[in-house]
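Here the structure is a predicted model, which is why all the values come from computation and not from measurement. We name chains A, B, ... by the order of the sequence lines, and we start the count at 1 in each one.
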2 protein chains.
Amino acid sequence: MPISTQPTDCALPTEPRDYYHEDCPVLYALGKVDQKWKLPILWQIAGHHGLRYNELKRQVRGVTNTMLTKSLRELESDGLVSRHATSTVPPEVAYRLTLKGKQLLVTLQDLHQWGVTQLKQERRQQHAN
Amino acid sequence: MPISTQPTDCALPTEPRDYYHEDCPVLYALGKVDQKWKLPILWQIAGHHGLRYNELKRQVRGVTNTMLTKSLRELESDGLVSRHATSTVPPEVAYRLTLKGKQLLVTLQDLHQWGVTQLKQERRQQHAN
DNA sequence: CAGAATCCTAGGAGATACTG
DNA sequence: CAGTATCTCCTAGGATTCTG
């Protein structure tokens, strides 16, 4: 099954067709960040221009060791963050965003704006009651 | 907890802060479409300018009655699709995108482009082996 | 400090059968 | 035609404990 390359595929199809998760660029991209803690982790790393493990754990409120480690490993193997470790005792490990990671975050701006607008409308309606 | 309104919140934070799912516009927006079948459903409806239930079931390959109905109900209550039924026998039900739904799909264009680029690079690397 | 190893559970999703 | 109603299963995620 070939990967579709037309810009309007999936995002806003202009004609009917089949969508397979493996081949859809949108589902592929969402698959990189649709786990519970990945975006909060990415945002924290981005906001600090690099963070250490325990610092990250403190900032991403509520995340457990298990999930933080798992998420970081996946983000790393997906090339969204890079891991920089010193082989000292105790170890120092810093996580930074890669260019690829930064670019991914930027693509969420429009979605973010949509969310802001909808949340405003929801609050307005609740206030009207 | 106030809802943050700065355009760069979450999408690309400029300073450290806490992120709560309930208050983050990006997580709010993603929450509307991060179920398995919702985007494929939205894309099919968008591509056909409205679709009937069984037609939708045929087009969204692999979806079950249970999940299709559940997804449609949620999309409807989230205001992303509208349901138009005739009270005839047998019934005719058409689903259409709302403006809100269309606008949401448009916000995925950048993410889509990112996905296209990454998929190309992945294929290039696999081909090199 | 920065994790790894286990164990466990809730709920998203699938399969199947039925209906106004 | 356009759905409901059950049942089951799997796995993302959580809790807890341990370590180079």
Novice: Using the side-chain contact (heavy atoms from CB on, under 4.5 Å) rule, take B/K120 and B/R123 through it: C-alpha gap first, then chi angles, then the decisive distance, then the call.
Specialist: CA-CA 5 Å; B/K120 270 186 193 161; B/R123 291 185 70 198; 5.9 Å; no

Novice: To the nearest Å, give me how far apart CD (B/E92) and P (D/dG3) are.
Specialist: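 So the CD-P distance, B/E92 to D/dG3, works out to 12 Å.
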
Novice: Of the candidate nucleotides D/dG13, D/dG3, D/dA15, which contains the atom at the shortest distance from the side chain of A/T64?
Specialist: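 Among D/dG13, D/dG3, D/dA15, the one nearest the side chain of A/T64 is D/dA15.
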
Novice: Just N and O in the side chain of B/W37: are any of them under 4.0 Å from OP1 or OP2 of C/dG12?
Specialist: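 Negative; the distance criterion is not met.
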
Novice: Taking only N and O in the side chain of B/N54, is any of them less than 4.0 Å away from OP1 or OP2 of D/dA2?
Specialist: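 For D/dA2, OP1/OP2 do have a side-chain N/O of B/N54 under 4.0 Å.
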
Novice: Closest-nucleotide mapping onto DNA chain D: is B/R52 or A/V63 further toward the 5' terminus? I mean the 5' end.
Specialist: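 Nearest nucleotide further toward 5': that of B/R52.
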
Novice: Using 4.0 Å as the upper bound for N to carboxylate O, is an ion pair formed by B/K32 and B/E74?
Specialist: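 Result for this pair is no, no salt bridge flagged.
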
Novice: Report the distance from atom NZ of A/K36 to atom P of C/dG11, rounded to the nearest whole Å.
Specialist: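 After rounding, the reported distance stands at 11 Å.
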
Novice: Could you state the CG-P distance from B/L51 to D/dG3, rounded to the nearest angstrom?
Specialist: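 Those two atoms, CG and P, are 13 Å apart.
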
Novice: Examine C/dG3: is either OP1 or OP2 under 4.0 Å from a nitrogen or oxygen in the side chain of A/K70? Give yes or no.
Specialist: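 Indeed not, no polar side-chain atom of A/K70 lies that close.
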
Novice: Return the value, rounded to whole Å, for the distance between atom CZ of A/R61 and atom C1' of D/dG14.
Specialist: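 Distance, rounded to whole Å: 18 Å.
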
Novice: With the side chain of B/Y95 defined as its heavy atoms from C-beta on, choose the nearest nucleotide among D/dG3, D/dG14, C/dG14.
Specialist: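 Of the options given, the side chain of B/Y95 lies nearest D/dG3.
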
Novice: Assess the side chains of A/R96 and A/H84: does a donor N or O sit below 3.5 Å from an acceptor N or O?
Specialist: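 A/R96 vs A/H84: donor-acceptor pair found between side chains.
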
Novice: Can you tell me the distance, in whole Å, between the CD atom of B/E74 and the P atom of D/dG3?
Specialist: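 It is 15 Å, rounded to the nearest whole Å.
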
Novice: Would you call B/L80 and B/L97 a side-chain contact if the rule is heavy atoms closer than 4.5 Å?
Specialist: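 A side-chain contact is absent here, since even the closest heavy-atom pair is not under 4.5 Å.
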
Novice: Given atom CG of A/L72 and atom P of C/dG3, what is their separation to the nearest angstrom?
Specialist: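 To the nearest whole Å, that distance equals 7 Å.
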
Novice: Less than 4.0 angstrom between a side-chain N/O of A/R83 and OP1 or OP2 of C/dA2, yes or no?
Specialist: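 It does not, given that no N or O in the side chain of A/R83 lies less than 4.0 Å from OP1 or OP2 of C/dA2.
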
Novice: What nucleotide, of D/dG3, D/dA2, C/dG3, holds the atom closest to the side chain of B/P91?
Specialist: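 For the B/P91 side chain, the nearest candidate turns out to be D/dA2.
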
Novice: Would you call B/E55 and B/R52 a salt bridge, using N to O less than 4.0 angstrom?
Specialist: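 Looking at B/E55 and B/R52, the cut-off is not met.
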
Novice: Strictly below 4.0 Å: does B/R58 bring a side-chain N or O up to OP1 or OP2 of D/dC1?
Specialist: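 Answer is no, no contact under 4.0 Å.
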
Novice: Between the base of D/dA5 and the side chain of B/T66, is one N or O donor paired with an acceptor at under 3.5 angstrom?
Specialist: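 For B/T66, whose side chain was compared with the base of D/dA5, there is a donor-acceptor pair (under 3.5 Å).
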
Novice: What is the distance, rounded to the nearest whole Å, between atom CE of B/M67 and atom P of D/dG3?
Specialist: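 The distance from CE of B/M67 to P of D/dG3 comes to 15 Å, rounded to the nearest Å.
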
Novice: Pick the nucleotide of DNA chain C nearest each of A/T69 and A/P90; which residue has the one closer to the 5' end?
Specialist: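 Residue closer to the 5' terminus by nearest nucleotide: A/P90.
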
Novice: Return the value, rounded to whole Å, for the distance between atom NE2 of A/H84 and atom P of C/dA2.
Specialist: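 Spelled out: NE2 on A/H84 to P on C/dA2 is 14 Å.
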
